[in-house]
Structures are given as structure tokens and as C-alpha cells.
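Contents: one structure, followed by commentary.
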Protein chains: 2
Amino acid sequence: MPVHHWAEALEDLVHGLVELDFPWVTGQNLVPGGKQLRVHGDPSLSVRCPVYPTGTASIPENDTVKSQAATRLLSWAEPTDGGSMARTSTRASGRATIAHVAAEAGVSRATVSRVMNGLSTVDPAIGERVRAAAAKLSYSPSTVARSLAIGRTQTVAIVVPDLANPMFQETLRGLSRAAAREGYRVLVADSVENPAEEVILAREARRRCDGLVLVAPRMDGAQLEELLPDLAPVVLVNRTTGIPGVPVLAVDYASGIRAMVAHLAQLGHRRIAYVAGPSASAGDRARREGLAHPLPEAAGAEVVVIPCGAMFEDGHSVREEVLRSGVTAAVCFNDVVAMGLLGALHEAGVAVPEQLSVTGFDDIAFARYTSPALTTASVPQTRLGEQAWDRLFALLDGQAPPPDVDINPRLEPRASSGPAPALPSRAFPDAPHRTRHT
Amino acid sequence: MPVHHWAEALEDLVHGLVELDFPWVTGQNLVPGGKQLRVHGDPSLSVRCPVYPTGTASIPENDTVKSQAATRLLSWAEPTDGGSMARTSTRASGRATIAHVAAEAGVSRATVSRVMNGLSTVDPAIGERVRAAAAKLSYSPSTVARSLAIGRTQTVAIVVPDLANPMFQETLRGLSRAAAREGYRVLVADSVENPAEEVILAREARRRCDGLVLVAPRMDGAQLEELLPDLAPVVLVNRTTGIPGVPVLAVDYASGIRAMVAHLAQLGHRRIAYVAGPSASAGDRARREGLAHPLPEAAGAEVVVIPCGAMFEDGHSVREEVLRSGVTAAVCFNDVVAMGLLGALHEAGVAVPEQLSVTGFDDIAFARYTSPALTTASVPQTRLGEQAWDRLFALLDGQAPPPDVDINPRLEPRASSGPAPALPSRAFPDAPHRTRHT
DNA sequence: TTGTACGCGTTATCAA
DNA sequence: TTGATAACGCGTACAA
């Protein structure tokens with residue numbers, strides 16, 4: 001009979017029948033809390049006697065207890081709750097631990113661990129008993145304890161500058177779904193476009209996880225290089241860096257914007273606006289550099305830069321400035337800005353692309369469904385998230401990551417870009433508004 | 001001199017100068033790994049001597065070592081790497097732990113913990129020493145170990161059916177930003193519209209976190225009720241349940257869709273299409289119920305249901321069916337579907353709202369910027385995420401959560417809905433397409 | 001104020 | 001095969 005009910009065990013103990021020789025109760029099956037076994041005359045010798053949910057008790061097998069065996073037992077100190085049930089716990093959690101399952105099944109914790117993880121071979125009968133015990137107590141292992149023990153969290157983090165931006169959402173989605181296939185989860189950290197916060201956030205997020213995907217287009221370069229070594233394993237998206245061992249997924253914004261301008265030039269546009277992004281953004285810098293070195297096909301086309309931003313509102317608010325500038329086409333920083341501008345033009349009755357061509361960048365899912373459908377440069381954002389995962393996983397797995405990729409945005413000509421009008425749009429400052437019904 | 005270089009300590013040991021009385025080295029400052037201190041003639045007495053990154057050594061202060069003091073020392077067993085540096089570790093991690101910092105600063109781990117957490121009062125000089133040591137070793141506490149010790153992860157999870165849907169993205173964003181303000185992070189789990197996966201995913205995600213926000217519009221009701229108790233603390237979004245203690249954030253889709261139909265009826269529409277969502281969706285059921293009990297203002301308007309879906313493509317593909325149905329207005333399941341339909345109508349040259357009014361639902365950020373701007377029913381999705389956090393945090397904090405909310409979508413009349421045409425759109429099956437330039 | 005010792009719930013190593 | 005025990009890294013009563 002390997003397991004005693006605690007009352008039996010106490011009885012045995014009191015009557016000196018077993019002399020604290022319990023091969024079936026070992027130190028490792030202890031449960032937090034439990035009852036107090038007190039020794040008459042010497043309170044310092046009292047010892048906690050853990051009691052399992054099943055009602056079986058564990059008597060610590062050590063010298064203190066053995067010395068108690070030579071003494072008379074006084075009483076069980078009843079727990080304050082009355083102790084009608086044998087179930088006790090100092091923590092409020094109430095969740096079953098591996099120790100509970102071990103006690104219930106009458107085996108060691110190690111065996112429970114083996115059964116749960118199905119690693120080593122276990123006696124089928126024992127395995128069944130353990131599984132039954134686990135089911136009965138509805139046990140599920142603590143991921144935290146597991147992570148501490150094995151040194152992995154099975155979680156990666158992604159730091160994005162703005163969760164409201166569809167582009168980063170797509171990256172997150174690609175990462176999340178790819179990581180899920182490998183049993184990893186994703187923690188998101190949204191820096192809310194605050195580069196200062198970003199550094200702290202990245203450090204903090206990294207500490208909770210096994211790896212990090214960093215999307216930080218606004219972060220200062222020097223700061224980034226200082227930060228990256230502490231973040232490894234880390235994958236950098238939309239930025240380049242000189243730090244070795246950091247896979248980089250770069251988008252060639254320069255060539256993308258060049259192709260866009262060339263596209264418009266070939267449609268006859270000679271004066272084109274670049275509706276710029278946030279000045280601190282690495283992506284904006286890259287686009288400007290691209291504009292500084294146009295393709296041969298774009299020869300003769302002049303580009304005027306109009307400062308703007310990255311959001312809907314920015315694009316929406318820049319309409320008048322674009323119209324005043326006397327351009328026949330507006331190349332926007334991204335699709336979101338382009339959509340804002342498109343909306344504003346629609347409200348003003350400016351026909352796109354008849355009077356003004358408008359293009360975006362990124363090819364977010366919505367770009368295909370604007371009216372007119374938005375000409376843009378396609379950046380496979382979801383794929384970017386997947387590729388980030390491929391590299392991060394390789395790093396986590398001790399493999400060499402796939403080579404860095406330099407994504408070349410693909411031009412997506414749609415309905416929002418058309419032949420340049422004979423006269424630029426400023427010739428129609430008072431063009432009749434289309435009827436609106438509200 | 002409280003700290004010895006390990007070579008010094010060894011020397012002292014060999015020469016019997018210190019007799020293993022190192023008050024500055026205690027058992028608790030051990031570092032994993034380290035060198036082997038061997039006792040001549042009795043290998044069983046050998047003991048591991050941890051060595052700190054700083055080059056100081058720790059000699060375990062126990063009986064085994066004391067007995068060794070009575071013996072001659074033979075040698076340091078050199079680690080296989082040659083051991084030129086004193087830095088050793090069995091784990092590859094290389095990250096500094098609290099023990100390293102304690103050794104470096106010459107204090108106990110408890111003191112380091114106190115300094116790092118700024119809880120108890122510490123001697124300013126010691127505090128400074130600890131901070132310097134931490135900075136030198138670029139120490140940052142292990143969140144995992146911390147979580148295990150305090151029983152909290154400072155992380156919550158959100159399970160969403162589809163990360164590609166802007167609505168859930170907004171909820172995630174609201175949750176993430178609100179949680180961040182309280183120092184919590186968010187783990188995302190994307191069930192990829194798979195209700196079966198959802199149950200497992202929710203359980204799994206919950207185990208890693210302190211709480212859960214569940215957005216599961218497609219999950220079977222019975223299954224949900226069985227699942228919820230295991231998930232507590234949990235907040236349910238967009239669903240109702242009878243389980244007590246589970247805060248619910250419900251959106252009153254029924255009244256929202258009623259208001260929408262009434263809006264169109266007042267614009268003179270007499271035959272209206274409901275472009276339906278996924279049939280398994282609780283949100284679609286609610287909308288249909290709303291349609292079954294129209295408002296008085298909508299009297300005389302007939303609603304035909306056209307099965308569709310929840311995505312762009314669904315809306316895009318349903319154009320012909322809508323046109324054939326002879327309606328003058330299409331009430332779409334959500335904004336995404338409406339945008340798909342809007343794009344398809346634009347391609348076909350059908351004027352919105354002159355020939356056909358189109359409305360959406362949710363008021364995603366893009367709805368304001370479609371052309372024409374989309375009439376929709378506004379569901380404050382970001383706010384929903386924030387409210388979910390308020391309730392989850394209250395639960396985590398042991399407070400009573402704020403009362404359940406029943407969000408009433410607010411009608412947002414924009415340009416995509418207008419007076420009913422004299423003739424329904426099917427009268428213009430071959431309406432001239434607007435010129436497109438590509 | 002500082003240090004000791006133990007608990008948190010696992011996994012992993014080794015001996016039986 | 002199974003069990004005992006030491007990590008894993010940190011927080012925290014309690015003692016000094």
C-alpha cells in the first residue's frame with residue numbers, strides 16, 4: 001500500500017507503527033502549505049506536513065522529523081479555515097501543479113513530466129494513471145515555470161511604430177501566422193510613433209521573449225546600432241545596419257519611387273509632386289534619394305516636394321497645396337496618404353486621373369478597392385513578416401539565417417494614374433463640384 | 001578586502017591561510033558552472049567552485065568544503081575551453097543574472113533585488129554600487145523568473161478570428177495601448193477564422209498570460225460556455241454569455257442595422273439588399289434579427305438578403321447579384337464588404353449613390369476616405385479594446401469590473417447613400433463605363 | 001539595513 | 001523504467 005490517507009499516516013505516526021519510514025512519501029512531492037505537525041515541548045521542532053488534494057499526506061523525511069520520531073506528537077495544528085478538507089494551499093491560485101498530479105497518481109514529479117512530454121518511455125499502466133490524474137485535476141503545466149527551466153519562452157516580440165498603419169499590421173499578421181506554424185506566439189509592442197519610447201520598448205519586449213522583430217523606421221541610426229547587440233537574436237525590418245549577425249529585410253524604396261516617377265513621365269507628366277512622409281523616417285529619406293537620381297525614362301520630368309506625413313489626415317489636408325503647385329500628378333509617400341488625398345480631391349470635385357493622377361506606395365489591401373483603384377508600388381508586407389520569421393527562427397534554431405533580402409517594390413498601375421491632362425489642374429481651381437448627397 | 005580574486009582565494013586556500021572562512025562568499029551567491037576544486041585522493045569530495053564574470057570566486061561554505069579544508073588540494077580542473085578567462089557558465093546564455101551582480105557589488109542577491117525594485121530602503125552607497133555593477137554587466141532581470149516568483153506575467157492575450165480584418169486590428173490596438181499604460185503587454189493569437197483552432201488557441205494563450213480577451217464571433221455557443229470558466233479572468237467581445245463573472249462587451253448590431261435601413265427608407269428606398277456576412281457569425285445573426293423587426297420609419301421598405309461574406313473579395317464578387325436583384329440600396333455586412341462592392345461598382349460604371357446607395361458597418365478608418373465616402377454605422381472599435389482592458393484589469397486587480405456595455409452603433413451618413421433613383425439600377429445594366437486609363 | 005533560506009513549477013541529470 | 005535532487009533566476013518572510 002504505497003499511499004496512506006493522512007489520518008492513517010498520523011495514526012501510524014502516533015502509535016509508532018511506522019517510525020517515519022515512508023518510502024512512498026518523499027521530499028519532492030511536497031505541496032505548498034499543508035498542516036503543521038507539532039512536537040510537544042519544543043515548538044522549534046515543529047514541521048509542516050503537506051497534504052495533497054487527494055487527502056494523502058507527506059511527511060518530510062529529514063533529520064528534524066526523525067528526531068521528532070523520538071518525541072511525542074501533540075497535535076495537528078488545524079488550519080484557520082477549519083481544515084475540514086485536506087486541500088490546502090498558501091497561494092490563492094488553486095491551479096493544480098505537477099506535484100498534485102504526482103501525488104494523485106502516486107508517482108514522482110519526474111515521471112509526470114515524462115508522461116506529459118512523452119519523451120522517455122514510461123510504463124503504459126503508469127502513464128495511464130498519470131494521464132487520468134492530470135485529467136481529474138484538469139492539470140495544465142505552467143508555461144512560465146517551463147520557460148524558466150528550459151530557458152526558452154516559445155515567444156517572439158515585434159516592435160512596430162504604429163499599430164494603426166495597415167502596413168505594420170500586415171507584417172504582424174505574416175509574422176504571427178508563420179510563427180504559429182512553429183509553435184511560437186507573438187507579443188506586440190506599439191511604440192505609438194515615439195522613437196524615444198521605442199528603445200525602451202524594444203529592450204523590454206526582448207526580455208520577455210526569445211527573439212525580436214524590430215520595425216523602427218524613425219529610430220536614430222547611432223542609437224539603433226548601440227541597441228541591436230543587446231537585442232539579439234533580432235531581425236530588422238525596413239532598415240539597414242552594419243551590425244553583423246542581424247538579418248535585414250530592406251525594401252528598396254528608392255528604386256520603387258524611381259519606377260513610379262518613370263511610369264508617370266511616360267504618361268506625359270512633366271511636373272510631379274512628391275507628397276513626402278515624416279522627415280525623420282528612413283523610408284522617406286530613401287524615397288528622396290531615389291528622386292534625386294531619376295531613371296532615364298523620367299528625363300524631363302520635374303519633381304516638387306510637398307512636406308506631408310504618413311496618415312490619412314496628412315494626405316487629406318495637403319490637397320490645396322498640391323493643386324496650387326501646378327502638378328499633373330502626385331506621388332504620395334504611402335497608400336494611406338494617397339487615400340487621404342483621394343478623398344479630399346473627390347470632395348473638391350477634382351477628377352482622378354483626368355485632372356490629377358495620384359499614386360500611393362505599399363499596396364495595402366485597400367488600395368485595390370479605392371475609387372479609382374490606386375496605382376501603387378507593391379511591397380509584399382505579409383511576406384515580409386513571414387521572411388522575418390524565417391530568419392528569426394533560423395537564429396533561434398542555431399542555423400544560419402537565409403540571406404538578407406532587398407525587396408524591390410513592384411509597380412501596380414491601376415486606375416488612379418492616367419495620361420497628363422493638357423492643362424495642369426490649377427487651370428481648374430473652380431471646377432464644378434460633383435453633386436453630393438448627405 | 002571583502003572580495004578575492006579567485007587565484008588569490010585559491011592560494012589562500014592552499015596555504016591554509018583562510019581556512020574556508022569567507023564571510024564574503026555565501027552559498028547563495030553561486031553562479032552556475034564554475035571550476036572544479038578537487039581533493040587529492042578522494043574524487044567524491046570534489047566540489048564545484050563557481051567563478052564570477054568579474055574573476056572573483058565563490059567557495060561553497062558547507063560541510064563538504066570544510067572537510068576539504070582538512071585535506072590537501074590537488075588542482076583546479078581546467079575547463080575544456082582552456083579557462084584563460086574566469087568567466088564560465090554551463091548554459092550558453094551568457095546573460096548576467098542577479099547573482100553576478102550581487103557578486104560584483106559584493107552584496108547578497110536579496111539586496112540587489114531590493115535595489116532593482118526600489119522597494120525597501122537601502123544604504124545609498126550600496127545602492128550605487130549595485131547599480132554600477134548592474135550597468136557594468138548590463139544586467140536586466142529575467143522576466144520569466146520574476147513571473148514565476150511573483151505569480152504574474154504582466155501579459156494578457158487577445159484571441160481574434162482574423163488579424164487581416166481592420167476591426168480586430170483596432171480592438172488589438174486599443175487593448176495594446178491601454179494595457180501598455182498599466183505596464184502590461186499583449187500577446188496576439190490569430191485563429192485564422194478557424195473555430196476549432198480557436199478553442200485550443202484560447203486555452204494555450206491563456207496559460208501564458210494573466211488574462212484573456214476573447215473575440216470569437218464564430219465559436220459554437222455551448223463550446224464557449226464550457227470554455228469560459230477555464231479562461232478566467234477573461235473578457236468577451238462581440239458576444240454575450242450567461243456565465244457570471246465574465247464581462248461582456250456587446251455591440252447592438254440589430255439596432256444598428258435597423259437604423260441603417262430606416263435611414264435608407266427615409267431617402268426613399270423601397271427595395272434594399274442586405275449583403276450578408278458569414279452565416280456562422282454571431283454578428284450576422286444579430287443583423288438578420290434586426291432586419292426582421294424594422295423600425296417604424298422603415299415601414300414600406302422591403303429587404304432582400306444576398307448571401308456574401310466578410311472580405312473584400314466577397315463584396316467585389318457580389319456586384320451582379322446585387323444589380324440583378326432590382327434594389328436601389330445595398331446594406332453591407334461590414335465596411336470591408338462595402339468597399340469591395342464599391343470597387344466593383346466603380347469598375348462597372350455604376351454611379352454611387354446616384355444609381356445605387358451602398359452602406360457599410362463598423363466605420364473603419366478607411367470608410368471616411370473611400371470615394372464616395374462610405375455611409376456606415378460607427379462601432380468604436382478602438383474604444384472597445386480599451387474597455388476590454390478596463391474590465392480585464394479590474395479583474396486582475398481584484399476589483400469589480402465596470403458594468404457590461406451594450407454599444408449602440410452610431411449612424412454615420414456620408415456620400416455613398418443618397419436619394420433613391422426614379423428607376424432601380426437594373427434599368428441601367430449597360431450603363432456607359434467611365435473611361436479608365438491604365 | 002542586510003543577509004539567510006526557501007518557495008515558485010518545471011526540466012534534466014544521474015543513480016538505483 | 002523510476003525516483004531523488006539540483007538547477008533555472010528571482011522575490012520575500014524572517015532573522016540578525
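Quick note on labels: first sequence line is chain A, next is B, and so on, each numbered from 1. Keep in mind that this is a model prediction, so the values were computed, not measured.
- Using a 4.0 Å cut-off, some side-chain N or O of B:Ser108 falls inside it from OP1 or OP2 of C:dG3.
- A close approach under 4.0 Å does occur between a side-chain nitrogen or oxygen of B:Ser113 and OP1 or OP2 of D:dG11.
- By the side chain to side chain donor-acceptor pair (under 3.5 Å) test, A:Arg206 pairs with no residue at all, sequence neighbours left out.
- Annotation: side chain to side chain donor-acceptor pair (under 3.5 Å) contacts of B:Thr153 (sequence neighbours excluded): B:Asp210.
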Table please: side-chain donor-acceptor pairs of residues 137-145 of chain A below 3.5 Å, with sequence neighbours left out.
unit_1: A:Ser140; atom_1: OG; unit_2: A:Arg95; atom_2: NH2; d: 3.4
unit_1: A:Ser142; atom_1: OG; unit_2: A:Val144; atom_2: N; d: 3.3
unit_1: A:Ser142; atom_1: OG; unit_2: A:Ala145; atom_2: N; d: 3.0
unit_1: A:Thr143; atom_1: OG1; unit_2: B:Arg207; atom_2: O; d: 3.0

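- To the nearest angstrom, P of C:dT1 lies 11 Å from CD1 of B:Ile126.
- Summarising the geometry, the separation between CD1 on B:Ile150 and P on D:dG9 is reported as 17 Å, rounded to the nearest angstrom.
- Mapping B:Pro141 and A:Val122 onto DNA chain D by nearest heavy atom places A:Val122 closer to the 5' end of the strand.
- Per the geometry, CZ belonging to A:Arg109 stands 12 Å off C1' belonging to C:dG7, to the nearest Å.
- For the pair A:Ser142 and C:dT10, the criterion of a side-chain N or O lying under 4.0 Å from OP1 or OP2 is not met.
- Spacing between atom CZ of A:Arg208 and atom P of D:dG9 amounts to 18 Å, rounded to whole angstrom units.
- Going from atom CD1 of A:Ile98 over to atom C1' of D:dA4 covers 14 Å, rounded to whole Å.
- In the displayed structure, A:Glu182 atom CD is contacted under 6.0 Å by more than 12 heavy atoms of other residues, nucleotides or ligands.
- Residue B:Asp123 is the one, among A:Tyr139 and B:Asp123, whose nearest nucleotide of DNA chain C lies closer to the 5' end (criterion: closest heavy atom).
- As judged by a 4.0 angstrom heavy-atom cut-off over every strand, A:Thr111 is placed among residues touching the sugar-phosphate backbone only.
- A donor-acceptor pair is defined here as one N or O able to donate and one able to accept, closer than 3.5 Å; no such pair exists between the side chain of B:Arg131 and the backbone of B:Ile126.
- For A:Glu128, there are no side chain to side chain donor-acceptor pair (under 3.5 Å) partners, not counting sequence neighbours.
- Helix-axis bend for the helix from C:dT1-D:dA16 to C:dA16-D:dT1: the local axis fitted to the five terminal pairs at one end deviates from that at the other end by 40°, rounded to 10°.
- Rounded to whole Å, the distance from CG on A:Leu148 to P on C:dT11 is 11 Å.
- Across the protein-nucleic acid pair, B:Met116 atom CE and C:dT2 atom C1' stand 18 Å apart, rounded to whole Å.
- Residues satisfying the side chain to side chain donor-acceptor pair (under 3.5 Å) criterion with B:Asp230, sequence neighbours excluded, are B:Arg203.
- With C:dC8, C:dT10, C:dT4 as the choices, the nucleotide that has an atom nearest any side-chain atom of B:Ala110 turns out to be C:dT4.
- Summarising the geometry, the separation between CG on B:Leu137 and C1' on D:dG9 is reported as 15 Å, rounded to the nearest angstrom.
- Between the side chain of A:Arg114 and the base of D:dG3, a donor-acceptor pair under 3.5 Å is found.
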